[in-house]
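So that the names make sense, note that chain A is the first sequence line, chain B the second, and so on, each numbered from 1.
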There are 2 protein chains.
Amino acid sequence: MSSVAASTRPGGRSARVLNAIYTAVGELVGEGTERITFSLIAERAGVNPTTLYRRWDDVDALLEEVAVAALTREGDPIPDTGALETDLTEWALIITEDITRPHRTRYLRAMVAARDEIVSSCSVMERRREQAAEMVRRASGRGQEAPTVGQILDHIVAPLYHHVVFALPVDEDYARLLVRDVLLMVR
Amino acid sequence: MSSVAASTRPGGRSARVLNAIYTAVGELVGEGTERITFSLIAERAGVNPTTLYRRWDDVDALLEEVAVAALTREGDPIPDTGALETDLTEWALIITEDITRPHRTRYLRAMVAARDEIVSSCSVMERRREQAAEMVRRASGRGQEAPTVGQILDHIVAPLYHHVVFALPVDEDYARLLVRDVLLMVR
DNA sequence: TTACTAAAGCAAATATAATTGCTTTACGAC
DNA sequence: GTCGTAAAGCAATTATATTTGCTTTAGTAA
């Protein structure tokens, strides 16, 4: 298995090699390559296959690792429009756009296919929870009634991810619909 | 790829072999075997490996096929308690119990890891839609106000599957909570 | 700088997977 | 029954994947 960090010598070459490997995997996933193998990755990364064999138990372990890294990268801004409804709508649209990009979908699937321990170690959902919490906090600050963070996760985030993962259609209208539904719960 | 049905000679041996293969895969998945290979399956099924190579492109294709078959098997009864709230609660509990069983979870993951085409061809969600529709129909027949079928799928089914697939905790209380939330939408 | 050593590269050896041509079995149509 | 054929079994071959011992490279600490 082995993990990214904790290398005793993270300074130069190892880091460079690791980076090349991650990039190679990213490219291959992005290109929709069907059967990704160590040899393929090594070739693309300009790295010796042995390195891969020594570092990861199998290709899946590496793919999961890269997927987790890619999915938990920070970045999405938290909308701050002055009203919860528009905040949530904006946010739902950002998520939609993010997870429907083909290689994002592939990463999601790769991660989700993995064993519990790996999936749990991935903080995608924690990240979403924090973002939701921030929007709710702002709403409360303005004296607005708001759904709970749990409700936002269960009824906006979950359905969106669920649809992507089960290859069901996801679009703007669907995202807006979910926001409307969740707001019906607070009235 | 090749699919289950449409064999020109479904009568005896082929069917028996296919069955042995499906059973073997089921067992291996159930046992949580990490790296399932054709050889492993063939050995377990008491079948020649060549048969597997000739019939499926790769192990994943076979796993997906078995997963889809297992997940779309009929069986869950549709609760009919006389009130929508209890129907939905019963139903949510049935789903919860079903998808949290370890080898069910594994099947779900296997399916979800697959390519779009395979996932789409799986009617798990259609099945759920029909069941939800039936309960809503009964409620309307009694003159009860009810959420839409879409709302039930988005806000009860989706969160449940989402939690399982993302290795988040799922239990009875969670299922009940979701039902309560969705009913808040109709008032 | 220098010495030490973790980690990468290389190449040969081994193991496992996948393919292929041919033989055998046993449905299914007659 | 008997015949034709689809699909399974077998075995030899080929291709890939994986392991291993050794060499080289280059961070890091002194």
Nucleotide [N], atom [atom2] - distance to [atom1] of [X] in whole Å:
X: B/Asp58; N: C/dT16; atom1: CG; atom2: P; result: 20 Å
X: B/Leu52; N: C/dA17; atom1: CG; atom2: P; result: 12 Å
X: B/Ile21; N: D/dA8; atom1: CD1; atom2: C1'; result: 10 Å
X: A/Leu18; N: D/dG27; atom1: CG; atom2: C1'; result: 16 Å
X: A/Asp60; N: D/dA17; atom1: CG; atom2: P; result: 14 Å
X: B/Arg13; N: D/dA6; atom1: CZ; atom2: P; result: 14 Å

Quick one: salt bridge (Lys or Arg N to Asp or Glu O under 4.0 Å) pairs with a partner in residues 147-172 of chain B, sequence neighbours left out?
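As it turns out, the salt bridge (Lys or Arg N to Asp or Glu O under 4.0 Å) pairs with a partner in residues 147-172 of chain B, which skip direct neighbours, are B/Glu172-B/Arg176.
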Residue pairs, two or more places apart or on separate chains, that pass salt bridge (Lys or Arg N to Asp or Glu O under 4.0 Å) and touch residues 19-34 of chain A
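Residue pairs passing salt bridge (Lys or Arg N to Asp or Glu O under 4.0 Å), neighbours aside: A/Glu27-A/Arg44, A/Glu31-A/Arg44, A/Glu34-B/Arg115.
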With [X], which residues qualify under side-chain hydrogen bond (donor to acceptor under 3.5 Å, both in side chains), at least two apart?
X: B/Glu134; value: B/Arg137, B/Arg138
X: B/Glu90; value: none
X: A/Gln144; value: A/Arg142

So which nucleotide from C/dG9, D/dG9, C/dA7 ends up closest to the side chain of B/Val47?
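For B/Val47, the side-chain atoms sit closest to D/dG9.
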If the cut-off is 4.0 Å, is B/Arg16 near the phosphate of C/dC27, judged by side-chain N/O to OP1 or OP2?
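The answer is yes; a side-chain N or O of B/Arg16 sits under 4.0 Å from OP1 or OP2.
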A/Asn48 vs C/dA8: side-chain N/O to OP1/OP2 distance below 4.0 Å
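So the side chain of A/Asn48 is outside the cut-off, no N or O lying under 4.0 Å from OP1 or OP2 of C/dA8.
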Mind checking what makes salt bridge (Lys or Arg N to Asp or Glu O under 4.0 Å) contact with A/Arg73, not counting sequence neighbours?
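Checked A/Arg73 against salt bridge (Lys or Arg N to Asp or Glu O under 4.0 Å); zero matches.
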Going by salt bridge (Lys or Arg N to Asp or Glu O under 4.0 Å), name the residues that satisfy it together with B/Arg128, two or more places apart in sequence or in a different chain.
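Only B/Asp76, B/Asp98 meet the salt bridge (Lys or Arg N to Asp or Glu O under 4.0 Å) criterion with B/Arg128.
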Ring pair (Phe, Tyr, Trp, His ring centres under 6.0 Å): which pairs involve residues 25-52 of chain B, sequence neighbours left out?
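Qualifying pairs: B/Phe38-B/Tyr53.
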Could you name each residue pair satisfying ring pair (Phe, Tyr, Trp, His ring centres under 6.0 Å) that touches residues 115-160 of chain A, not counting sequence neighbours?
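Output for this query lists A/His155-B/His155.
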Give, ordered by number, those residues of residues 31-43 of chain A having at least one heavy-atom distance below 4.0 Å to an atom of DNA chain D; if nothing qualifies, reply none.
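A/Thr37, A/Ser39, in order of number.
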Taking side chain as C-beta onward, heavy atoms only, is B/Tyr161 less than 4.5 Å from B/Val112?
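Not in contact.
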Take the C1' atoms of the five end pairs on each side of the helix from C/dT1-D/dA30 to C/dC30-D/dG1, get both axes, and report the angle to 10 degrees.
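End axes: 50° apart.
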For B/Pro169 against B/His163, the heavy-atom pair lying closest together
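What the structure gives for the nearest pair is O-ND1, 2.9 Å.
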Pairwise N/O distances under 3.5 Å, protein to nucleotides 20-22 of chain D:
from, atom 1, to, atom 2, distance (Å)
D/dG21, O6, A/Arg54, NH2, 3.0

